[in-house]
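Presented below is the structure to which this report refers.
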Amino acid sequence: MENLNLFIRSIFIDNMIFAYFLGMCSFIAVSKNVATAFGLGVAVTFMLAITVPANYLITTYVLGPGALVWAGPEFADVDLSFLSLIVFIAVIASLTQLVEMVVEKYSPSLYASLGIFLPLIAVNCAILGGSLFMQQRGFDSVATSFCAGSGWGIGWLLAITAVAAVRERVAAYSNVPAPLRGVGITFIITALMGIAFMSFLGIKI
Amino acid sequence: MAEKISNRKVFFNPFSKDNPVLVQILGICSVLAVTVKLAPALAMGLSVIAVLAFSNVIISILRKTIPTNIRIIVQLVVVAGLVVIVSQLLQAYAYDVSKQLSVFISLIITNCILMGRLEAFAMANRPWPSFLDGVGNGIGYTIILVSVAFFRELLGSGTLFGFRVVPQALYDAGYVDNGLMILPPMALVVVACIIWVQRSFNKDLQEK
């Protein structure tokens, strides 16, 4: 039950885009039309759902203070947490590579639609941010990390798809002042949507 | 192309005409998240300048020895190493600031400015121009960071660097701080306004 709450919180209240502004660069760049935005969103969700639990396991069994106890009592006071950044980014980069290869081998059609986005994801701050939040908040099980990770991913997917849909309409039907066209108006759309999402803040789950 | 651009241009272009945030749309995440107050924004800006300049130099020195198919991982490791140094230094000498910046100092690693500049410039140029490019882009980024933070802190809490600048008399006369400015979405609006102003001066940047 707690994990379900966390999942829903991660989608709406702790939304990666509207509450933390993570993954904005690809968000702004790829939100020009709904289909591609959705593709990137799915890829991000997938990676978040994998990398957050993977990094949770690494933090718990390798990097945290005293985490190496299983290897022998003499490791009880080893604390490798200063390495976590490098390890996290390496895990994310290699998982991205791995997923890319697996998808390419077993599902060429999915690869064709996600292909270009997968490498981009290694440097999407939403992914690394997810792992760092996991460490900062001290999640205590794989299930919790999975729920939070997939929740953040779905929140991101929701945000980019919604903004892409609005952008399509704005580009087709409205007369935006010239200096504000493109990037500028996207910022304002995102801001307005962010304010709307803030209304979820008061909800207690 | 690299040789034709003078070092001066490499250094000064990112300030406005080729600004990493406004024109190249890189590094937006941190601009929005750390700009509620001026002090953390400045600390963030300085950290980015340092990391960007040195990672540009290192990658530029290594550029001929890095195999192209693993270059992203090499770049990430170099950047990650530098970011760890910066974040440990901040924790040692400026603990409060590093607390306020929380995960965002670590997120410099995935700050697209870094990857963008490494890919676009350092991989193709000699160390000295790369250093200038790094510092220039870092400063361009800091300018935006600081100006967004300036407006948000001034209008949102009536202070600058934590000192009260809006006189008490104004509050007595009924002036109220705009709480909306402290909320995250307003950072987007402030950046949009800066883009608006900048593009109305530089007409060639406007999109159709």
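Note that the structure is predicted; figures quoted are calculated from it, not measured. Within every chain, numbering begins at 1; the chains are lettered A, B, ... in the order of the sequence lines, protein sequences first and strands thereafter.
The two residues B:Ala192 and A:Gly184 come nearest to each other via the heavy atoms CB-O, 3.7 Å. Nearest heavy atoms, A:Glu168 versus A:Val34: OE2-N, 3.1 Å. Taking both residues in full, the closest heavy atoms of A:Gly130 and A:Val52 are given as C-CG2, 4.0 Å, listed atom of the first, atom of the second, then distance.
You'll find the side chain of A:Thr144 stays beyond 4.5 Å of the side chain of A:Tyr56, heavy atoms only.
Contacts between B:Val77 and chain A at a heavy-atom distance below 4.5 Å are absent for every atom of the residue. B:Gln88 touches chain A through its side chain: at least one heavy atom from C-beta onward sits under 4.5 Å away, while N, CA, C and O do not. Only the side chain of A:Met198 comes within contact range of chain B, with heavy atoms under 4.5 Å apart. In this structure, the portion of A:Ile28 lying under 4.5 Å from any heavy atom of chain B is its side chain and not its backbone.
Both tests pass for A:Arg137 against the ring of A:Phe133: distance under 6.0 Å to the centre and angle within 45° of the axis.
Of the listed residues (A:Ile188, A:Ile127, A:Ile195), the one with the most heavy-atom contacts under 4.5 Å to chain B is A:Ile195. Among B:Ile194, B:Val84, B:Val189, B:Leu114, the residue with the largest count of heavy-atom pairs under 4.5 Å with chain A is B:Val84.
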